[in-house]
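Residue indices begin at 1 and follow the sequence shown. Remember, it's a predicted structure, so these values are computed and weren't measured experimentally.
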Amino acid sequence: MKVLVVGSGGREHALCWAISGSPMLTKLYCAPGNPGIAEVAECVNIGMLDIPTLVGFAQDNAIDLVVPGPEAPLVAGITDAMEAVGIACCGPTRAAAQLEGSKTFAKEIADAAGIPTALWERFEDSDAARAFIRRRGTPVVVKADGLAAGKGVVVAATEEEAIAAIDAMMDHKIFGESGSAVVIEECLVGEEVSLFALCDGENALLLGSAQDYKRVGDGDTGPNTGGMGAYSPVPSFPPKLETACLEQIIRPALREMVRKGTPFRGILFAGLMLTEEGAKLIEFNVRFGDPECQVLLARMKSDLLPALQAACDGELRDFDLRWDDQAAVAVVMAARGYPDAPERGSVIGGLDQTSAIPGVSVFHAGTEAGPDGTILAAGGRVLTICGTASDIRQARDRAYAGVDSVAWSDGFCRRDIGARAL
Ligand code: AMP
Ligand code: GLY
């Protein structure tokens, strides 16, 4: 099989790494990729949102399967465009990607399917939204309806914060049209976990769960990021609870998507809050998480490629995936200044010795190749260092041993990834 992965982050490096080990693979491309991905795939310099050029490349190179990593090309319709020329693409259509692209769409699906989730209300008028907050009180959660690069959610403890969020999103349009409507939600309290399933429209296969660290600083301080680390498995979310959430959240959502005429294929990511009343849905995403993907794939024993193909073919019913008993911990190394203004261009050394440590994998994200093969920082999140071992404690020690062997004085990471699971 010839495969094209789309994206350039640590998640896409992990996808390429997993797919590159498949006996079914004959050729692996990644667009646009990064220097780490270039070690396992041929990188082609096409932007992930340049869908016509991606389609042309896939046709010219007889690609059998396209695997988009991030949500943006999915929401922009990459699956529809590939399928229109007869190329399989393991992701939802533009219509089904609204499960992530529109908070309102996701909440309507959840309510229609009877999925436990926070109470919510949608506003297109900022005065009405402010009046609702004054009436209802806090804490409350204010969300831009559309995509906002993971920054469109404000958990407001006070009325002032909630109203400032509405002013910024709806009146000052800090997220553009994504904020022309907002969803205001009840604030859920508990521990957060991310649950992943591979879906073929009707059937869903569990890919496991992980816990993500969203804030930039130790002890969950500072601004939100794309994710600073993750671990799997999650002791507070045992397999029995995973299966219950598959039945009560993922499968009902798939049935409702079929009923609406927008069946969901690809990876469904349910962000959950483990509340005192049980697990509740926070949001759906239509792709793997980053860095959750890195820890899940590090634990996967089965060949990922036939599973992705089966998802496209609607043949997941009889499929089975196997997982290692091992635990995995991923630590993200980011460039100083992330998430506001990451500094670019510093030299990163020592990566060969890092990946030579037993049980340590290095995944590249915002890196670029400098002169004479040096690796330079070229983004916010730059590397994911993943440790695997028989338990979380050792996996964590391995991940940090890996981090400490990277020679990059301009990078930083959180020091408490996985500590919560000990
Ligand atoms: P998102 O950017 O949509 O992933 O949301 C960011 C974060 O906001 C989530 O990971 C939660 O920590 C938090 N959040 C979103 N919705 C709620 C809610 N209804 N109650 C409490 N926290 C929430
Ligand atoms: N790490 C969270 C996400 O990918 O959305």
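Counting all heavy atoms, side chain and backbone alike, Ile51 lies closest to Ala76 at CD1-O, 3.6 Å. Ala14 approaches Cys293 most closely through the heavy-atom pair CB-SG, 4.3 Å. Residues Pro291 and Arg381 approach most closely at CD-NH1, 3.8 Å, considering heavy atoms. Among all heavy-atom pairs drawn from Val329 and Ile392, the shortest one is CG2-O, 3.9 Å. Here the shortest heavy-atom pairing between Gln294 and Arg11 reads NE2-N, 3.5 Å.
Between the side chain of Glu186 and the main chain of Leu119, a donor-acceptor pair closer than 3.5 Å is present. A donor-acceptor pair under 3.5 Å links the side-chain atoms of Arg215 to the main chain of Gly222, judged by distance alone. Gln98 places no side-chain N or O within donor-acceptor distance of the main-chain N or O of Ala95, the cut-off being under 3.5 Å.
For the atom pair Thr26 OG1 and Met1 CE, the distance stands at 8.5 Å (nearest 0.5 Å). Separating the CG atom in Leu99 from the CD1 atom in Ile109 is a distance of 6.5 Å, to the nearest 0.5 Å.
Checked by atom type, the side-chain pair Ser126/Asp171 shows a donor-acceptor distance below 3.5 Å. No side-chain N or O of Thr367 forms a donor-acceptor pair with one of Asn34 less than 3.5 Å apart. Asp303 and Ser22 share a side-chain donor-acceptor pair at under 3.5 Å. Remark: the Gln326 side chain and the Thr388 side chain contain no N/O donor-acceptor pair separated by less than 3.5 Å.
A salt bridge is absent between Lys103 and Glu185: the closest approach of a Lys/Arg side-chain nitrogen to an acidic carboxylate oxygen does not fall below 4.0 angstrom. Contact check on Arg414 versus Asp416 returns a salt bridge, with a Lys/Arg side-chain nitrogen under 4.0 Å from an Asp/Glu carboxylate oxygen.
Note on residues 320-330: pairs passing salt bridge (Lys or Arg N to Asp or Glu O under 4.0 Å), not counting sequence neighbours, are Asp320-Arg322.
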Audit row: Asp60, Lys2, salt bridge (Lys or Arg N to Asp or Glu O under 4.0 Å) steps and yes/no: CA-CA 12 Å; Asp60 293 346; Lys2 289 178 155 188; over 6 Å; no
Give every donor-acceptor pair under 3.5 Å between a side-chain atom in residues 336-343 and any protein atom, sequence neighbours left out.
{"unit_1": "Arg336", "atom_1": "NH1", "unit_2": "Asp410", "atom_2": "OD1", "d": "3.4"}
{"unit_1": "Arg336", "atom_1": "NH2", "unit_2": "Ser409", "atom_2": "O", "d": "3.3"}
{"unit_1": "Arg336", "atom_1": "NH2", "unit_2": "Asp410", "atom_2": "OD1", "d": "3.1"}
{"unit_1": "Tyr338", "atom_1": "OH", "unit_2": "Gly226", "atom_2": "N", "d": "3.1"}

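Of the residues listed (Val382, Val347, Ile375), the one engaging Trp408 in a side chain to side chain contact (heavy atoms under 4.5 Å, CB included) is Val382, and it is the only one. Each of Val362, Ile348, Val403 was scored for a side chain to side chain contact (heavy atoms under 4.5 Å, CB included) with Met333, with one residue passing: Val403.
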